[in-house]
Amino acid sequence: MAQKSLPFSKQQLEEIVQAHGTPFHIYDEKAIRENVRRLQKAFSWVPGFKEYFAVKATPNPYILEILAEEGTGADCSSLPELILAEKVGLRGEEIVFTSNDTPGEEYRKARELGAIINLDDITHIDFLAKEAGIPEMISFRYNPGPLRQGGNSIIGNPEEAKYGVTREQLFECYPKVRSMGAKRFGLHTMIISNELDPDYFVETATMMFELAVELKQRLNINIEIINLGGGIGIPYHPEQEPVNLEYLGAQVQKAYNRIIVPNGLDPIRIVMECGRVITGPYGYLVARVLHRKEIYKNYIGLDASMADLMRPGMYGAYHHITVVGKENWPLDHKYDVTGSLCENNDKFAVDRMLPRIDIGDLIVIHDTGAHGHAMGFNYNGKLRSKELLLKPDGRVMQIRRAETIDDYFATLDFSKLKNKQSE
Ligand SMILES: *Cc1c(COP(=O)(O)O)cnc(C)c1O
């Protein structure tokens, strides 16, 4: 049975728990830095390659700061995400704004920061012009629809996905914004999520390169930046293989040399908006076992819940579980591992074979570094956990405190209750 490792020993983890309590997400700074460097190296042949970290994956300024130090920009899709990018000192074209169904004030903020705006629809051209003005640099999100097979349960088939413009519309979009003053152009797509097959991204890059050639030939539009979006998967199951980033970089380079170079479009910048693959494997949700319950099935109740990690409940996603100190015990017990919500899908694992679990055991849920804490919600009055950072020197820093009941009540005004109870 394949294993997943931890960046701390049992004793180190017990010390962290002693100091901070459970539950918490903890992120491994060293591994995150090494990983983003690896992606950048795989694409170092690209003139001006840039990874724009998808802020929604881990919207914590300390994580964004670490990534910014490594040369990563930010991919934002809401006003608070733009403000987070601004707070860590990112500016101008270090930010891309890939939003959909966007309110005017968000476009205005993106314009104020000088971010690269990726429009999601042809009608958003006039909307942007009215709300914030057309910038010199502008990009469009392409949805290839039925021209592109594939998709998966997170994003769906391109044809069913709400994002982007059709091919026909794309050829209207560029002349339109050019006539409105735009001078520099980007082309974006994101049609897959959590995909582990690198050839899928090579095919997507190929499709985008061909499109750039066609835009040049038919409309004399020079695409300056091709944004391949995010969507690179991670091996949530210990048996799965991570995407070989070096292979991916080399295959995209081949397509570039075959399509972009002979058509005289070189240099075109290639950028990405990965979230999951950057931080996902380097975050861990640590919780303690509160209860064991044996009815028709055997349940292990944790002090963490769906509020801390939605993916299993929302998508039935697999997250590997380690019972700390029992790594080498036989996996001879079948459990549902649950949180405390009054929702039967508040389960981190269903019918999972694990070692015998006792009350008080520490449980580590793997691969929570992206779309983990960030997705949490407050349904059922559940409060989200704190976030910790494991520094390269082994120190631990709290980078977000846990929510409190006051946070939960912050939007309520109790003073107008008729039957006011004691303050
Ligand atoms: C969510 C999202 C990403 C990041 O996706 P990952 O699967 O985390 O790589 C990038 N771009 C856009 C537009 C997104 O919506």
Side-chain angles (χ1 to χ4, degrees), residues 27 32 35-36 38-40 42-43 50-60 63-64 67 72-82 84-85 94-102 106-107 110 115-121 124 139-144 150-156 158 161-165 186-198 200-201 204-205 208 225-236 240 242-243 245 248 270-283 309-311 314-315 317 319 367-375:
Y27 308 110
I32 291 173
N35 183 48
V36 75
R38 216 183 122 203
L39 176 70
Q40 288 163 338
F43 284 89
K50 198 167 182 75
E51 152 67 7
Y52 292 90
F53 179 68
V55 173
K56 76 167 189 272
T58 322
N60 187 299
I63 299 292
L64 299 183
L67 293 170
T72 292
D75 163 37
C76 304
S77 55
S78 69
L79 186 57
E81 289 180 1
L82 285 168
L84 271 176
E94 292 170 331
I95 304 171
V96 297
F97 186 57
T98 307
S99 59
N100 68 92
D101 192 16
T102 310
E106 301 198 353
Y107 280 136
I116 299 174
I117 295 177
N118 253 317
L119 287 185
D120 189 61
D121 192 46
H124 296 181
S139 181
F140 290 96
R141 179 170 186 165
Y142 173 48
N143 180 335
N152 63 19
S153 66
I154 299 182
I155 246 182
K162 65 174 176 168
Y163 311 109
V165 302
L187 174 62
H188 170 282
T189 200
M190 161 120 186
I191 47 186
I192 195 86
S193 184
N194 194 27
E195 176 57 55
L196 283 170
D197 179 358
Y200 200 96
F201 299 96
T204 302
M208 296 290 272
I225 300 180
I226 290 180
N227 185 334
L228 299 177
I232 298 179
I234 59 171
Y236 286 102
Q240 288 173 324
V243 170
L245 298 175
L248 175 60
I270 298 170
V271 306
M272 282 189 182
E273 298 173 345
C274 292
R276 191 185 315 271
V277 77
I278 304 296
T279 53
Y282 314 112
L309 183 68
M310 291 265 280
R311 297 188 71 262
M314 187 158 155
Y315 311 119
H319 278 263
D367 302 307
T368 70
H371 312 295
H373 186 281
M375 270 192 189

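On a predicted model such as this, the values are computed, not experimentally measured, just so you know. One-based numbering, in listed order, for ligands and for the atoms of each.
- Taking both residues in full, the closest heavy atoms of Asp120 and Arg141 are given as OD1-CD, 3.6 Å, listed atom of the first, atom of the second, then distance.
- Every ring-ring contact (aromatic ring centres under 6.0 Å, His included) that Phe140 has, sequence neighbours left out, goes to Tyr174.
- Checked options Met314, Met310, Lys56; the residue passing with His371 is Lys56 (criterion: side chain to side chain contact (heavy atoms under 4.5 Å, CB included)).
- Residues passing the ring-ring contact (aromatic ring centres under 6.0 Å, His included) test with His373 are His25, sequence neighbours excluded.
- The protein residues lying under 4.0 angstrom from ligand 1, judged by non-hydrogen atoms, are Ala54, Lys56, Asp75, Thr98, Arg141, Met190, Ser193, Gly230, Gly231, Glu273, Cys274, Gly275, Arg276, His371.
- The side-chain hydrogen bond (donor to acceptor under 3.5 Å, both in side chains) search around Gln40 returns none, not counting sequence neighbours.
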**Report entry** Intermediate values then yes/no, side chain to side chain donor-acceptor pair (under 3.5 Å), Glu273 and Thr98
**Finding:** CA-CA 9 Å; Glu273 298 173 345; Thr98 307; 2.6 Å; yes

